[in-house]
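This report refers to the structure that appears directly beneath it.
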Amino acid sequence: QVQPAESGGGVVQAGDSLTLSCSVSGGTFVGDDMVAWYRQAPGKEREVIGTITWDAGSRHYADSMRGRFTINRNYHENRAWLHMNGLKPEDTAIYSCKLQRDSVVYWGQGTQVTVSS
């Protein structure tokens, strides 16, 4: 069974940028894999940030996430990443990577991002 894993979280200052990475332990992203980034702030529901397909690199963003967040993948390094600009305190959340492969969903453990004012 594949297991996505996130890295790159931490504590940053308001206005900073941060890049999170998603990889698959013991394997690679392949073919029609779809990778999605989500976040869940304290006391709020989990919300989707955006998605990217592996081979094609087709990206889609939630309307509320366009502008400051960018999703992409490094094909040769087998990583999908989320780059965040102009971070705000309200961006504080657990950020999670989700892999969908052949209609089966696999979740990462999540990585904490804390934005200090």
Side-chain angles (χ1 to χ4, degrees):
Q1 188 174 33
V2 298
Q3 176 64 61
E6 308 90 346
S7 63
V11 179
V12 298
Q13 299 288 326
D16 283 355
S17 297
L18 192 66
T19 299
L20 308 180
S21 179
C22 177
S23 62
V24 179
S25 62
T28 62
F29 295 109
V30 297
D32 295 330
D33 283 355
M34 186 182 76
V35 181
W37 283 97
Y38 289 77
R39 72 179 185 183
Q40 186 166 26
K44 297 184 178 180
E45 293 185 345
R46 184 167 57 197
E47 59 183 339
V48 66
I49 297 168
T51 63
I52 186 168
T53 59
W54 186 249
D55 272 358
S58 300
R59 294 173 291 184
H60 298 273
Y61 297 94
D63 288 342
S64 62
M65 300 295 178
R66 288 192 174 94
R68 295 189 297 117
F69 293 178
T70 301
I71 293 172
N72 213 328
R73 87 278 198 260
N74 188 309
Y75 199 85
H76 298 289
E77 294 183 1
N78 290 290
R79 290 184 175 273
W81 48 262
L82 169 68
H83 182 70
M84 303 179 287
N85 289 315
L87 286 165
K88 306 173 182 179
E90 54 262 42
D91 293 321
T92 295
I94 296 175
Y95 287 74
S96 300
C97 173
K98 183 187 77 175
L99 166 65
Q100 183 171 316
R101 176 181 292 174
D102 297 326
S103 299
V104 179
V105 172
Y106 307 90
W107 284 94
Q109 301 272 35
T111 184
Q112 176 71 45
V113 174
T114 301
V115 184
S116 299
S117 60

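At a cut-off of 3.5 Å, with distance as the only test, no side-chain donor of K98 or Y106 sits close to an acceptor on the other residue. Looking at H83 and T19, their side chains do bring a donor and an acceptor atom within 3.5 Å of each other.
Checking side-chain atoms of E6 against main-chain N and O of C22 turns up no donor-acceptor pair under 3.5 Å. For T111 (side chain) and G9 (main-chain N/O), a donor-acceptor pair under 3.5 Å exists by modelled atom type. Of the possible polar contacts, none joining the E90 side chain to the A41 backbone as a donor-acceptor pair under 3.5 Å is found. Remark: the backbone N or O of H76 is paired with a side-chain donor or acceptor of N74 at under 3.5 angstrom.
Side chains of W81 and I71 form no contact here, defined as non-hydrogen atoms less than 4.5 Å apart. Residues L20 and W37 are in side-chain contact: their nearest non-hydrogen atoms beyond the backbone lie under 4.5 Å apart. Put simply, the side chain of V35 reaches to within 4.5 Å of the side chain of C97, judged on heavy atoms. Using a 4.5 Å heavy-atom threshold, the side chains of D33 and T53 count as separate. A 4.5 Å side-chain heavy-atom check between I49 and R39 finds at least one atom pair inside the cut-off. By the 4.5 Å heavy-atom criterion applied to side chains, Q13 and P89 are not counted as neighbours. Between W107 and P4 the shortest side-chain heavy-atom distance does not fall below 4.5 Å.
Nearest heavy-atom pair across V48 and A62 is O-CB, 3.4 Å. Between S17 and N85 the shortest heavy-atom distance is OG-OD1, 2.9 Å. The two atoms that bring Q40 and R46 nearest to each other are NE2-N, 3.6 Å, heavy atoms only. Summarising the geometry of A93 relative to Q112, their closest heavy-atom pair is O-NE2, 3.4 Å, with the distance given to 0.1 Å.
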Inset, instruction - Show your working on side-chain contact (heavy atoms from CB on, under 4.5 Å) between Y75 and R73 and close with a plain yes or no. - result: CA-CA 6 Å; Y75 199 85; R73 87 278 198 260; 3.7 Å; yes
Inset, instruction - Give the C-alpha distance, both sets of side-chain angles, the deciding distance and a yes or no for side-chain contact (heavy atoms from CB on, under 4.5 Å) between M84 and V113. - result: CA-CA 11 Å; M84 303 179 287; V113 174; 4.2 Å; yes
Inset, instruction - Decide side-chain contact (heavy atoms from CB on, under 4.5 Å) for F29 and L99; before the verdict, give the C-alpha distance in whole Å, the side-chain angles of both, and the deciding distance to 0.1 Å. - result: CA-CA 9 Å; F29 295 109; L99 166 65; 4.0 Å; yes
Legend entry - Chi angles and distances behind the side-chain contact (heavy atoms from CB on, under 4.5 Å) call for V11, S116: CA-CA 7 Å; V11 179; S116 299; 3.7 Å; yes
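Surrounding CD of Q109 are at most 12 heavy atoms belonging to other residues, nucleotides or ligands under 6.0 Å away.
Grouping the Ile, Leu, Val, Met, Phe, Trp and Tyr side chains by contacts below 4.5 angstrom, directly or via other members, places V2 apart from V105. Connection of Y95 to L18 is established within a shared hydrophobic cluster, with ILVMFWY side chains joined at heavy-atom distances below 4.5 Å, either directly or through further cluster members. By the rule that hydrophobic residues join a cluster once side-chain heavy atoms approach within less than 4.5 Å of another member, Y61 and L87 end up as members of one cluster. Residue M65 is grouped with residue V115 when hydrophobic side chains (ILVMFWY) are merged at heavy-atom distances under 4.5 angstrom, including chains of intermediate members. Note on L82: it clusters hydrophobically with V12, by side-chain heavy-atom contacts below 4.5 Å among ILVMFWY residues.
Between R101 and D32, no side-chain nitrogen of the basic residue sits less than 4.0 Å from a carboxylate oxygen of the acidic one, so the salt-bridge criterion is not met.
In this structure, R59 forms no cation-pi arrangement with W54, as its terminal cationic atom is not both closer than 6.0 Å to the ring centre and no more than 45° off the ring axis.
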